[in-house]
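Report on one structure; see the data block that follows.
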Protein chains: 2
Amino acid sequence: MSRREQIIDVAQRLLEAEGPESLTMRRLADELGIQAPSLYKHVSGKPEIEAALQQRALRRLAEALARTSDLATLAAVYRRWALAHPRLYELSTRQPLARDRLEPGVETEAAAALLRLTAGDLPTARAIWGMAHGLVDLELAGRFPPGADLDAVWERAVATFATASATRARHASGVGGRTGPGAPGGRASG
Amino acid sequence: MSRREQIIDVAQRLLEAEGPESLTMRRLADELGIQAPSLYKHVSGKPEIEAALQQRALRRLAEALARTSDLATLAAVYRRWALAHPRLYELSTRQPLARDRLEPGVETEAAAALLRLTAGDLPTARAIWGMAHGLVDLELAGRFPPGADLDAVWERAVATFATASATRARHASGVGGRTGPGAPGGRASG
DNA sequence: CTCTCGCGGCTAACGCCGTTAGCCTCTATT
DNA sequence: AATAGAGGCTAACGGCGTTAGCCGCGAGAG
């Protein structure tokens with residue numbers, strides 16, 4: 001295992017265990033038994049470390065999502081993943097700047113899964129993506145009141161899109177709307 | 001105008017014009033023609049300033065939302081507000097810690113408006129809130145591909161909930177589901 | 001076997017950050 | 001006229017990411 005990988009490993013452990021304020025170069029170096037400036041022999045700086053963490057996180061999420069075959073499962077996987085790795089989710093979501101560094105292939109996988117489940121209806125796919133992201137974000141931020149039944153909220157959210165799709169499909173026999181597949185799809189994640 | 005208000009004003013201008021990385025105590029002091037430590041004669045620290053900014057932002061948003069009478073308008077108002085004040089929106093959304101300092105009344109206004117428009121259906125209200133928040137968040141983060149027609153996405157998102165509500169209302173004549181109003185409603189904002 | 005070169009550590013330091021301690025001046029009140 | 005406090009000031013602390021420059025040690029070349 002390269003030293004660089006060690007650094008990213010420790011960074012991930014630190015982030016997940018103690019939160020973003022503990023992920024500092026000095027602390028990271030301490031954890032590795034070296035001095036902070038030595039980190040720069042292996043890594044260009046903190047942004048690169050954060051990008052690498054996003055990279056890892058995204059890959060695992062995308063793989064999980066690509067295996068889903070219905071909307072409810074997809075939503076559940078997305079939510080469960082975010083709740084299981086809240087700091088990584090936050091990092092991925094709060095720092096779109098670093099996404100220049102991400103290999104582009106990873107992000108489209110999840111989007112492709114979603115697009116497949118909505119029969120290529122881009123606006124709907126994006127609306128669902130937004131909803132899933134927003135619900136998770138609010139949940140992680142503790143924005144919902146303590147007693148709120150969030151399972152019910154997700155259920156309702158997914159059901160709404162499911163029934164609406166069915167309704168739309170029933171109404172739109174013959175010539176469809178302007179909902180055909182267009183560009184390769186929105187980037188996923190976050 | 002009290003010195004404290006002056007500080008918050010400058011902070012808001014600075015945040016909106018130059019972004020969060022420019023909102024530092026020293027810069028703030030410079031802008032006011034004083035030294036950084038002097039700020040502490042009027043304000044307990046940076047968190048208080050950020051809380052005050054959130055407070056202002058939330059109040060204006062809540063007032064705008066409280067005046068809406070249909071879902072599409074509510075969504076449009078929410079989105080327009082966020083796009084008009086992206087930094088303030090980010091600040092309000094990224095720092096739920098500071099919400100201890102917020103007067104509780106402000107946040108419930110918007111939630112009340114949303115709850116009113118969904119006939120007291122809490123899960124639906126929360127799903128819509130999550131969706132609006134998520135879509136705005138992704139849009140601000142530049143997560144959608146360049147050519148994406150986001151107006152269409154919002155239209156689809158709102159339409160989906162509108163038709164689903166209609167469908168549900170039609171199906172649920174007689175005994176309703178478990179969707180009656182419960183707690184005073186989720187806190188709004190974000 | 002020796003010489004060299006570079007990997008991977010080190011210390012010192014810079015400029016930023018939020019914040020505290022302690023001083024002083026000026027104004028308004030008693 | 002005396003006094004208290006509001007509101008400035010400077011100096012400083014500990015932390016942050018990062019850069020500059022030094023050095024030992026081990027591997028590979030001659």
Side-chain angles (χ1 to χ4, degrees), chain A residues 1-56 87-88 90-92 94-102, chain B residues 1-56 87-88 90-92 94-102:
Chain A
M1 186 160 77
S2 77
R3 201 83 226 239
R4 193 194 127 95
E5 285 173 272
Q6 277 183 42
I7 293 174
I8 309 297
D9 281 352
V10 174
Q12 179 172 346
R13 182 168 55 77
L14 221 42
L15 176 65
E16 300 210 58
E18 306 189 24
E21 72 281 358
S22 291
L23 183 53
T24 75
M25 298 302 274
R26 284 175 172 88
R27 178 68 196 284
L28 207 42
D30 266 11
E31 217 75 19
L32 286 157
I34 61 177
Q35 296 294 325
S38 301
L39 292 171
Y40 291 78
K41 292 286 159 102
H42 309 277
V43 143
S44 73
K46 201 183 179 187
E48 183 182 331
I49 296 176
E50 293 170 332
L53 292 181
Q54 289 185 49
Q55 184 80 354
R56 282 190 182 185
R87 323 273 203 184
L88 274 177
E90 265 180 53
L91 180 67
S92 304
R94 306 288 193 232
Q95 310 233 6
L97 318 167
R99 75 190 358 252
D100 310 341
R101 303 168 180 266
L102 294 177
Chain B
M1 185 159 80
S2 78
R3 200 83 226 236
R4 194 193 127 93
E5 285 173 274
Q6 277 182 44
I7 293 174
I8 308 297
D9 281 352
V10 174
Q12 178 171 345
R13 182 167 56 76
L14 221 41
L15 176 65
E16 299 210 58
E18 305 188 25
E21 72 281 356
S22 291
L23 184 53
T24 74
M25 298 301 273
R26 284 175 171 87
R27 179 68 197 283
L28 207 43
D30 266 9
E31 218 74 19
L32 285 158
I34 62 178
Q35 297 293 325
S38 300
L39 293 171
Y40 291 78
K41 294 286 159 118
H42 308 278
V43 142
S44 73
K46 202 185 179 186
E48 183 182 331
I49 295 176
E50 292 171 333
L53 291 182
Q54 288 186 49
Q55 185 80 354
R56 281 191 184 185
R87 322 275 202 184
L88 274 177
E90 265 179 54
L91 180 66
S92 304
R94 305 290 192 231
Q95 312 234 5
L97 318 167
R99 76 190 356 255
D100 310 341
R101 303 167 181 268
L102 294 177

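Computation of the quantities below employed the complete heavy-atom set of this structure, encompassing side-chain atoms and omitting hydrogens, waters and symmetry-equivalent molecules. These numbers were taken from a predicted model, which means no experiment stands behind them. Lettering follows sequence order; numbering is per chain, from 1.
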When the distance from CG of B:L39 to C1' of D:dA6 is rounded to whole Å, what number comes out? 15 Å
Please determine if a side-chain N or O atom of A:H42 lies less than 4.0 Å away from the OP1 or OP2 oxygen of C:dG9. yes
Rounded distance in Å - CD (B:Q35) to P (C:dT20): 17 Å
Basic-acidic side-chain contact under 4.0 Å: A:E18, A:R13: no
Taking the side chain as every heavy atom from C-beta outward, state whether A:L39 and A:I49 have any pair of such atoms under 4.5 Å apart. no
Is there a side-chain contact between A:P20 and A:L15 (heavy atoms, below 4.5 Å)? yes
Distance check: side-chain N/O of A:S38 vs OP1/OP2 of C:dG8, anything under 4.0 Å? no
OP1 or OP2 of D:dA6 sitting under 4.0 Å from any side-chain N/O of B:R3? no
Looking at B:D9 and B:R56, is any side-chain nitrogen of the basic one under 4.0 Å from a carboxylate oxygen of the acidic one? yes
Exercise: identify the closest heavy-atom pair between B:L88 and B:E16: CD1-OE2, 3.6 Å
In whole angstrom, give the distance that lies between atom CG of A:D30 and atom C1' of C:dG9. 15 Å
Those residues at least two apart in sequence (or on a different chain) that pass side chain to side chain donor-acceptor pair (under 3.5 Å) with A:R3 are A:Q6
Assign a letter to each nucleotide of nucleotides 23-29 of chain C from its 5' end: B, base within under 4.0 Å of a protein heavy atom; S, sugar-phosphate only; -, no contact. -------
Consider only side-chain N and O atoms of B:S38 and B:Q35, and report whether a donor and an acceptor are under 3.5 Å apart. no
Can a donor-acceptor pair be found, under 3.5 Å and without considering hydrogens, that links the side chain of A:E5 to the backbone of A:M1? no
Nearest-angstrom distance from the residue atom CZ of A:R4 to C1' of C:dC7: 17 Å
Per-nt protein contacts along nucleotides 12-18 of chain C (heavy atom under 4.0 Å; B base, S backbone sugar-phosphate only, - none) come out as BB---BB
